[in-house]
Amino acid sequence: MSRLIKEYKTINAQDDILLFPETADNLNNWTAMITGPPNTPYEGHDFKLYISIPDAYPNSPPMVKFHREAMPHVNVNYETGEICLDILKGEWSPVYNLLYTVQSIERLLSEPNADSPLNLELGILMREGDKTAYDSLVRYYLQRQK
Amino acid sequence: MECSICIEPIIIKSSTQEKDQIYDTVGELLPCHHKFHSDCIRKWHSFATDLKCPICRTVSLSMSLIYNYKMWYEKRVDIDLNKGFLVGNIIEYDNMMTSTRETEPDALVAHVVMTEDITNESPVLSRMFQTILNIDDMNDDDSEKDVEEEEGILDSLREEHNTLLCRICGDDTVENNGDADHRCYNCNARYHESCLHSTASEIGESDTWQQCIECRSLTQRIKGNRRFRIVNNTNTDELDKIRSTKRKIQEHVRKILKQYYGTGSSVHLTGEQFTKINQTVSRSLYSMSRNEYQTKIDYDYQAKQKVLHELHKLGYTSV
């Protein structure tokens, strides 16, 4: 647990990062806010991430989810918010930390990966290489939520 | 210097003036030379599914343990990483398989005709390893059936997982020296007595030769060494049975999966995807079968359902 306290101190010292424990006395559940990257259909939207820390952390990766039915993305299960990202599974390394994890998810928004779709609708569009349709569908989803 | 795993400093000896300071034991991975607290990196190895360096992902071939003692002396001891890191891994894997099985969609398991509740069965691999981990508890229990079972377990362990190998020399026997029958009661590492002696004298602390090189707890010779004499026993029924079950199940899976691979198929799987689906489906069927080929299971049907499920995940919704 002392490693989490260290991470907490480092993150707290930076003021441009929206990553914080849900309550100050419990470092097992964190929330993060990420901003839709420019030049993507996510631009202008903010997304909330729910992070829960397993007991074995950092030997086990943190569990990260979007809010349910909030993130239309080929690597995110729209219904549950579950994220398919290699470093959250088999490619996790104990030298990664929460900040790196959140930044990787932010990067996933601008670099969707067709090889591991959790959103079949978007996966098919992407596989067919129809970026315009992909982006439009994402925008439609986001618009509908407002 | 800081350990990247726990983000704590690594305290090493920097001058001969320092006294009464406790120094950390450093694990240096080779060939990449990245250093960690030895405890941190060994713990990671028990979680990891491979032997890649956490920092640079170079596959580690061995690790040097670097001790820093009060004397001027620093000695490196090479440890072969491939020996003995499997126990934790196997148990973890088994637990994972159990929990995956429990959360599988009902539709997939609904067709299995089973009289017993499969989720109540403790995972076989874990059970095997628990047995080995609690080996001295079993010394009280000498019923024939158990002995037979243990023999199979030990043989298969030795053969498939190398867990009884000495963590210093990485071998299971030394000329005229017998089995690695010194065991650390804290972390279950195995050692040859002679290896412990020579390591201790190399690092200049011959009076603490009985300490486990990994966790520094006391090692002890395993008493009533019957279980190490049965190693050459030919009774490997249990293992043969498990293997033949595995083989039979894999034949079913390959047969189904081949329909979706190569030219003439509407699905374009890469070799990697093929292997992965093959593994996932085989494992799932395997755990469903409880290590025994079940005549009540329609394997072709099950394999097909599971293969389709995996293909759907990859975006092939029309197959």
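Sequence lines set the chain letters: A, B, ... in the order given, protein chains first and strands last, and positions in each chain run from 1. This one's a predicted model, so the numbers in the text were calculated from it and none came from an experiment.
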Enclosure of [X] [atom1] (heavy-atom neighbours >12, cutoff 6.0 Å):
| X | atom1 | value |
| --- | --- | --- |
| B:K258 | NZ | no |
| A:D46 | CG | yes |
| A:H67 | NE2 | no |

> Measuring heavy-atom distances to chain B, does A:N97 have an atom under 4.5 Å in its side chain, in its backbone, in both, or in neither?
Replying inline: neither
> If you count heavy-atom pairs under 4.5 Å between each of B:P54, B:S4, B:C6 and chain A, which one has the most?
Replying inline: B:P54
> Does the side chain of A:P58 come within less than 4.5 Å of B:I5's, by heavy atoms?
Replying inline: yes
For [X] against [Y], the heavy-atom pair lying closest together:
| X | Y | value |
| --- | --- | --- |
| A:W92 | B:W44 | O-CH2, 3.4 Å |
| A:R127 | B:L314 | NH2-O, 2.7 Å |
| B:K43 | A:N59 | CG-ND2, 3.3 Å |
| B:I7 | A:K6 | O-NZ, 2.8 Å |

> Is it true that B:R57 and A:E91 have a side-chain N and a carboxylate O under 4.0 angstrom from each other?
Replying inline: yes
> Which region of B:K313, side chain (C-beta onward) or backbone (N, CA, C, O), has a non-hydrogen atom less than 4.5 Å from a non-hydrogen atom of chain A, or is it both or neither?
Replying inline: backbone
